[in-house]
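Quick notes on the structure that follows.
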Protein chains: 2
Amino acid sequence: MPSSSGSALKYPCEQCPIRGLKVFRPFTAEELGFVASFKAGELVVDPRATILQEGTSSTHLFTVLIGWAFRYKMLPDGRRQILNFALPGDFLGLQASMFNEMTHSVEALTSMTLCVFPRERIWELYEHHASLSFDVTWLAAREEQILDSHLLNVGRRNAIERTAYLILHLFMRARDVGLAGKANLALPITQQHLADTLGMSIVHTNKTLRRLYDRKLISWKSQRLEILDMEALKEIAEWDGESTGQLRPLI
Amino acid sequence: MPSSSGSALKYPCEQCPIRGLKVFRPFTAEELGFVASFKAGELVVDPRATILQEGTSSTHLFTVLIGWAFRYKMLPDGRRQILNFALPGDFLGLQASMFNEMTHSVEALTSMTLCVFPRERIWELYEHHASLSFDVTWLAAREEQILDSHLLNVGRRNAIERTAYLILHLFMRARDVGLAGKANLALPITQQHLADTLGMSIVHTNKTLRRLYDRKLISWKSQRLEILDMEALKEIAEWDGESTGQLRPLI
DNA sequence: TCGGGTTATTGATTCATGCCAATGCCGCGC
DNA sequence: GCGCGGCATTGGCATGAATCAATAACCCGA
């Protein structure tokens, strides 16, 4: 599905727009060289585009360069659960490489640019680049860590705690990759997305947000979210830190 | 914490009690040789023992050889969410290897025997054993897949669907490793564990189970669960298959 | 600038689930 | 055989959350 333009890349790895961010661990020339050769192209998609589809088998892996997406699963009757969001630096499609078939879908929230890697070469990475294969595992473990937190969130926090937690989570992740200000960010999602992440109905999500507005903890209009009282929000959410604090790899 | 007995192992890799199961992919002599050398000892624990603790950093990795355990997170006020269960063949403690600090705890449900691997040698595995490092990633991806399903379950299914789904999930996993009969298994958990997995109160879990008994879909007494009507249960759960169908690695 | 579609908001009502409290059941040690 | 502790069960009630329904606000394209 993704057409990897044979022509020159807009973002060759040597001029990667995000690698310079201080959250990413420095790569050796050798590592960078392999990643550059591994990269087969760039995929540019519009908002709402489906990047990966549950039940299909993708021949590609992706790293988000620019933009936001979300991973989700659906029940046959249409109920949707958003599992996680993907931001610049996040790796998508690993499951298809391991199991042949995607067990979730991925949809773009904004216009996006993704690095495209051919799945059949992942094995080369494992054979010849121990540090990078360690990195792939690292990324998988981090995703697992986030899912653990979300499961705790949906399973054991009530509506207001849960919402506060998710807002903090999104803010921290955006901030890590330079997409947030001191206490605000452009959040390209609707209340429906929030609801589907939180495991709540959209109406109840709306009412819960209202309580957060009324208590002057956050403001959110026209896609811009502002955190007005970080401490109070953390208190409500029983926030625990969550970040690994470590430099992370960027494949 | 785990004392790796310098003395002879009770279960040397060459006589692994589970590797022969047909769910596990065959290993080459070379792979098996490394795993055998990687294995530093065996850990035997009683039910209720804490194997890994959130917030600490473990110097060991484990593979479950015998017994059941569960992974969980807790909120400061004591609410607990069970994230997943661990059965023979499952790998524990990867997070500590990647991030230094555990972000969840693991507790034994039964008497257990675990293979113990020294964390500092994981790097050796990545450097010299591409196929095994691929396997570690595979295991991480599978865990992620299960967490995705659980998140969908807790976030979007109602009490009876959710319970039906979890019961099926546990049954299938036990069956995969030879721990279940055609439609029954020894399930070493209490209703409290179920409740903490499902994100429900224990009372409501009990009432939901009663509805399943009343409809003659399952029976569960003295730790033995029997599935009386698999098809009906799958229908309620909107069961989707879930298994990768692939042979899995065993580190 | 208008119009239609999406998203957000709100109140009213119903329903699902949580919480409290009491009881029963069972295994175990002595 | 008794008493104790952990687990399971049940009814009653409180409340959080879903659903229904109506409207408002907003965005985008013609």
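A, B, ... follow the sequence lines: proteins, then strands. Residue 1 opens every chain.
A cation-pi contact links R157(B) to Y165(B), judged by a cut-off of 6.0 Å to the six-membered ring centre and 45° from its axis.
A side-chain contact (heavy atoms from CB on, under 4.5 Å) with L217(B) is found for exactly one of I236(B), T163(B), I167(B), namely I236(B).
Between the CZ atom of R156(A) and the C1' atom of dC19(C) there is a distance of 13 Å, given to the nearest Å. Taking atom CZ of R211(A) as the reference point, atom C1' of dT9(C) lies 16 Å away to the nearest angstrom. The distance from atom CD of Q192(A) to atom C1' of dT19(D) is 14 Å, rounded to the nearest whole Å. Counting to the nearest Å, the C1' atom of dG18(C) and the CZ atom of R162(A) are 13 Å from each other. Rounded to an integer number of Å, the gap from D196(A) CG to dA17(D) P is 16 Å. Rounded to a whole Å, the CE atom of M200(B) is 15 Å from the P atom of dA17(D). Distance I202(A) CD1 to dT10(C) P: 14 Å, rounded to the nearest Å.
Across all strands, T190(B) comes closer than 4.0 Å only to sugar-phosphate atoms, never to a base (heavy-atom distances).
Distances shorter than 4.0 Å separate some side-chain N or O of N206(B) from OP1 or OP2 on dT9(D). Considering only side-chain N and O atoms, Q191(A) lies nowhere under 4.0 angstrom from the phosphate OP1 or OP2 of dT6(C).
The aromatic ring centres of F70(A) and H193(A) sit less than 6.0 Å apart.
R79(A) and N158(B) are not linked by any side-chain donor-acceptor pair at a separation below 3.5 angstrom, with hydrogens and angles left out of the test.
The side chain of S201(A) lies closest to dA18(D), out of dG18(C), dC27(D), dA18(D). In this structure, the nucleotide among dT17(C), dA18(D), dA12(C) sitting nearest to the side chain of H204(B) is dT17(C). Residue Y213(B) has its side chain nearest to dT9(D) when only dC19(C), dG11(C), dT9(D) are considered. When distances run from any side-chain atom of K207(A) to the nucleotides dC20(C), dC20(D), dA12(C), the shortest one goes to dA12(C).
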